[in-house]
Amino acid sequence: METVTRDICHAVAMMDGGRSPEERQRQRDELRREWDAAMVYARERVLTQDRLQVLATEKDAWQRARTIRQYADELTSVVSTITDEDHRRSLSDWIGWMKSSADTIDPINEASRFPQVRTVDPDELIPTSAESVPAIRPGPIVLMR
C-alpha cells in the first residue's frame, strides 16, 4: 500500500510539472513576496504623485502671489507721479487689494506641511503596478505573460 501511495503522489507531482508540494508552496510564497513588494512600490508611487501635485499647486500659487506683488510694487512707484487725487486714491486702493490678494493665495503665509499619508485605493495601484509586475489585481496572484 505504501508503494502505491508513493507512486500516486509521484504521478500527481509529475502532472504538475514534476514539482513537489513543497516546491509549489515555495513558488507561491515567492510570488506573494513579489506581490507584496510590488504593492509597496506602487503605493509609494501613488503617494509620490500626490506629493508632486501638492508641490505643483503650491509653487503655482506662490509664483502668482510673487507676480502680483511685483506688479503692485511697480504700480506703487507710479502712484506718486499721478496728479489727480481720485485716480491716485483709486490706484492706491487697487494696489492694497492686490497685496492683500497676494497674501491670501501665497502658500508661504500658511502653515505649509507635508501632505498627509492617505489610504490608497487598490484600483489606484493597477496602472502604477503594471510596470513592476505584469498583472496585479487584489486577490489571488495572477501573472500574465
Side-chain angles (χ1 to χ4, degrees), residues 1-82 88-145:
M1 181 71 156
E2 189 176 303
T3 305
V4 172
T5 304
R6 191 177 329 120
D7 290 345
I8 291 172
C9 288
H10 179 68
V12 169
M14 293 307 289
M15 289 180 356
D16 191 25
R19 294 178 296 156
S20 68
E22 294 81 16
E23 178 62 27
R24 288 192 307 273
Q25 184 60 46
R26 275 193 297 278
Q27 185 178 24
R28 282 192 298 273
D29 292 345
E30 178 61 27
L31 289 173
R32 174 54 64 186
R33 282 190 293 279
E34 289 175 11
W35 167 270
D36 292 342
M39 289 295 98
V40 167
Y41 174 78
R43 181 177 180 277
E44 200 50 47
R45 292 264 320 250
V46 168
L47 294 175
T48 295
Q49 289 303 313
D50 286 355
R51 293 173 188 138
L52 289 171
Q53 183 60 45
V54 168
L55 175 62
T57 300
E58 286 187 357
K59 179 194 65 80
D60 290 346
W62 173 72
Q63 287 178 327
R64 277 194 317 275
R66 191 175 70 181
T67 301
I68 290 169
R69 286 188 187 104
Q70 288 172 341
Y71 181 61
D73 289 345
E74 288 297 320
L75 286 178
T76 299
S77 68
V78 172
V79 169
S80 62
T81 65
I82 298 174
R88 191 174 357 171
R89 190 176 17 249
S90 175
L91 186 55
S92 293
D93 290 346
W94 177 231
I95 291 168
W97 181 89
M98 279 189 257
K99 289 181 177 182
S100 175
S101 175
D103 289 343
T104 301
I105 65 172
D106 191 343
I108 299 220
N109 291 337
E110 298 175 10
S112 188
R113 54 189 162 277
F114 197 68
Q116 296 295 314
V117 174
R118 65 180 178 83
T119 302
V120 177
D121 186 318
D123 288 337
E124 292 179 272
L125 301 176
I126 302 302
T128 306
S129 302
E131 299 165 9
S132 52
V133 174
I136 294 184
R137 282 267 176 223
I141 298 172
V142 178
L143 294 178
M144 301 187 327
R145 298 189 193 264

Check side-chain contact (heavy atoms from CB on, under 4.5 Å) between T48 and all other residues, then give those that pass, not counting sequence neighbours. E44, R51, L52
Side-chain donor/acceptor of S100 to backbone N/O of G96, under 3.5 Å: no
Among residues at least two apart in sequence or on other chains, which ones pass side chain to side chain donor-acceptor pair (under 3.5 Å) with N109? none
Which residues share a salt bridge (charged side-chain N to carboxylate O under 4.0 Å, His left out) with D93, sequence neighbours left out: none
Sort and list the pairs that fulfil salt bridge (charged side-chain N to carboxylate O under 4.0 Å, His left out) and have at least one residue in residues 94-104, not counting sequence neighbours. R69-D103, D73-K99
Can you name the side chain to side chain donor-acceptor pair (under 3.5 Å) partners of Q70, sequence neighbours left out? none
So, taking the atom named CG in L91 and the one named CD1 in I82, what distance separates them when rounded to the nearest 0.5 Å? 4.5 Å
Could you grab the distance from atom CD1 of I108 to atom CZ of R66, nearest 0.5 Å is fine? 10.0 Å
Results of side-chain contact (heavy atoms from CB on, under 4.5 Å) for I105 - residues two or more places apart only: R64, A65, I68
Derivation and outcome, side chain to side chain contact (heavy atoms under 4.5 Å, CB included), residues V54 and T57: CA-CA 5 Å; V54 168; T57 300; 5.8 Å; no
CD of Q49 to CZ of R45, rounded to nearest 0.5 Å, is 6.5 Å
Taking only residues two or more places apart in sequence or in another chain, which ones pass side-chain contact (heavy atoms from CB on, under 4.5 Å) with Q25? R28, D29
E74: what forms a salt bridge (charged side-chain N to carboxylate O under 4.0 Å, His left out) with it, not counting sequence neighbours? none
Name all residues meeting the side-chain contact (heavy atoms from CB on, under 4.5 Å) criterion together with V40; count only those two or more places apart in sequence or in a different chain, and write none if there are none. none
Between CZ on residue R24 and CD on residue E22, distance to nearest 0.5 Å: 8.5 Å
Tell me the closest heavy-atom pair linking S92 and V79, and the distance in Å. OG-CG1, 3.7 Å
Which residues satisfy the side chain to side chain donor-acceptor pair (under 3.5 Å) test with R88, sequence neighbours excluded? E85
